[in-house]
Amino acid sequence: MKKLTKVLVSLVLALGIGFGANAQSQKIGYVDSQIIIDMMPESAKIQQDLQAYYSELQAQLQAMATEYQNKLRDYEANSATMGNILRQSKEKEIVDLQNRIQEFQAGAESDLAAKQDELSKPMLDKIKKAIDDVAKTKGLAYVFEKTVILSIGDTAIDITADVKAKLGL
């Protein structure tokens with residue numbers, strides 16, 4: 001969920017680009033998107049789906065690791081009686097499998113991140129639209145993520161509750 005927050009922070013901060021000297025006369029709001037993300041009904045489903053996908057990847061990795069261990073055990077037990085060609089073939093097999101495992105691990109990490117992005121996008125788009133709607137209704141020129149603001153002045157408006165209401169939370 002931290003990644004979801006980072007993505008939403010990026011979206012919200014994008015609204016703040018161009019923040020200039022005339023900001024003194026403009027209304028500014030902030031939102032705590034993590035509270036909203038945690039309350040979204042989709043959030044639990046996203047976590048379940050990600051966990052299921054992660055479990056699938058883990059099962060595939062475990063199967064590859066078991067195959068590797070079996071081949072290595074077989075090689076160690078029989079290498080003394082193997083001819084050179086067979087020994088080299090078995091060694092190449094083991095090294096190739098080891099490389100496939102490493103490639104799978106690297107690919108699995110990026111696949112998991114892509115899956116999280118894919119599953120989260122509709123929810124994040126929904127939150128972004130609600131933030132935009134509330135900002136427009138309240139006449140806010142800028143909306144920032146609360147967790148990245150160093151200081152919040154008295155005139156800044158917390159729109160977290162309004163966004164939650166807009167989303168029916």
Side-chain angles (χ1 to χ4, degrees), residues 1-68 98-169:
M1 290 325 267
K2 296 280 187 212
K3 184 169 181 171
L4 292 176
T5 301
K6 288 179 185 176
V7 170
L8 193 57
V9 166
S10 297
L11 290 172
V12 173
L13 285 178
L15 295 173
I17 294 176
F19 185 70
N22 66 346
Q24 300 275 337
S25 63
Q26 300 196 0
K27 291 168 67 175
I28 298 172
Y30 62 93
V31 64
D32 189 340
S33 58
Q34 190 59 52
I35 290 173
I36 296 167
I37 289 169
D38 291 344
M39 294 180 75
M40 294 291 289
E42 297 97 320
S43 192
K45 176 78 168 112
I46 289 168
Q47 285 304 315
Q48 286 177 336
D49 291 349
L50 278 176
Q51 185 58 45
Y53 188 67
Y54 176 78
S55 294
E56 288 175 28
L57 293 174
Q58 281 295 107
Q60 291 174 8
L61 183 60
Q62 184 59 46
M64 292 172 82
T66 300
E67 180 184 357
Y68 174 80
Q98 192 175 30
N99 290 336
R100 279 194 2 242
I101 289 171
Q102 289 172 349
E103 289 172 10
F104 181 84
Q105 285 175 319
E109 289 176 19
S110 63
D111 287 352
L112 189 61
K115 186 71 165 178
Q116 181 174 9
D117 291 345
E118 172 193 330
L119 293 172
S120 302
K121 186 176 180 352
M123 179 182 70
L124 295 176
D125 289 347
K126 188 175 177 182
I127 293 170
K128 167 99 172 61
K129 182 178 179 341
I131 291 170
D132 289 344
D133 290 349
V134 169
K136 185 176 181 179
T137 301
K138 293 198 166 276
L140 302 175
Y142 303 97
V143 177
F144 294 96
E145 170 58 41
K146 181 180 180 181
T147 59
V148 296
I149 298 174
L150 297 177
S151 176
I152 299 174
D154 294 339
T155 58
I157 302 166
D158 183 356
I159 63 167
T160 304
D162 298 308
V163 174
K164 288 185 337 189
K166 181 81 175 165
L167 292 167
L169 303 175

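Counting begins at 1 with the first residue of the sequence.
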K.L.:
What heavy-atom pair brings P41 and L169 nearest, and what distance separates the two atoms?
P.N.:
CD-CD2, 3.8 Å
K.L.:
Is it true that D125 and K129 make a salt bridge, defined as a side-chain N closer than 4.0 Å to a carboxylate O?
P.N.:
no
K.L.:
In Å, rounded to the nearest 0.5 Å, how long is the span from CE of M64 to CZ of F104?
P.N.:
6.5 Å
K.L.:
Using atom types as modelled and distance alone, determine if a side-chain donor or acceptor of Q116 lies under 3.5 Å from a backbone N or O of L50.
P.N.:
no
K.L.:
What distance do D162 atom CG and T137 atom OG1 have between them, rounded to the nearest 0.5 Å?
P.N.:
9.0 Å
K.L.:
What pairs with K166 under salt bridge (charged side-chain N to carboxylate O under 4.0 Å, His left out), at least two apart in sequence or on another chain?
P.N.:
D133
K.L.:
Does the side chain of D111 come within less than 4.5 Å of Y53's, by heavy atoms?
P.N.:
yes
K.L.:
Going from CD on Q105 to CG on L61, what distance comes out if it is rounded to the nearest 0.5 angstrom?
P.N.:
5.0 Å
K.L.:
Do you know which two heavy atoms are closest between A130 and V163, and how far apart they sit?
P.N.:
CB-CG1, 3.9 Å
K.L.:
Taking all non-hydrogen atoms of both residues, which atom of A135 and which atom of V143 are closest, and how far apart?
P.N.:
CB-CG2, 3.6 Å
K.L.:
Got a sec, which residues hit side chain to side chain donor-acceptor pair (under 3.5 Å) with S151, two or more places apart in sequence or on another chain?
P.N.:
none
K.L.:
For Q102, which residues count as a side chain to side chain donor-acceptor pair (under 3.5 Å) partner, sequence neighbours excluded?
P.N.:
none
K.L.:
Dump the intermediate steps for salt bridge (charged side-chain N to carboxylate O under 4.0 Å, His left out) on D117 and K121, then the final yes or no.
P.N.:
CA-CA 6 Å; D117 291 345; K121 186 176 180 352; over 6 Å; no
K.L.:
Any chance you could measure L140, atom CG, to I157, atom CD1, to the nearest 0.5 Å?
P.N.:
5.0 Å
K.L.:
Any heavy-atom pair between the side chains of I35 and K164 that's under 4.5 Å?
P.N.:
yes
K.L.:
Is there side-chain contact between I28 and T155, with heavy atoms separated by less than 4.5 Å?
P.N.:
no
K.L.:
Looking at CD of Q51 and CD of E56, how far apart are the two atoms once the value is rounded to the nearest 0.5 Å?
P.N.:
11.0 Å
K.L.:
Would you say Y54 has more than 12 foreign heavy atoms packed within less than 6.0 Å of its OH?
P.N.:
no
K.L.:
Considering all heavy atoms of both residues, which atom of L119 and which atom of P122 are nearest to each other, and what is their separation?
P.N.:
O-CD, 3.5 Å
K.L.:
Main chain of D38, side chain of S43: is a donor-acceptor contact present, judged purely on distance under 3.5 Å?
P.N.:
no
K.L.:
Check step by step if salt bridge (charged side-chain N to carboxylate O under 4.0 Å, His left out) holds for K45 and D49.
P.N.:
CA-CA 6 Å; K45 176 78 168 112; D49 291 349; 2.8 Å; yes
K.L.:
Are the side chains of T160 and K146 in touch, meaning some heavy atoms are under 4.5 Å apart?
P.N.:
no
K.L.:
Just wondering, do D158 and D32 contact through their side chains at under 4.5 Å, heavy atoms?
P.N.:
no
K.L.:
Hey, what do you get for CE (M39) to CD1 (I127), rounding to the nearest 0.5 Å?
P.N.:
11.0 Å
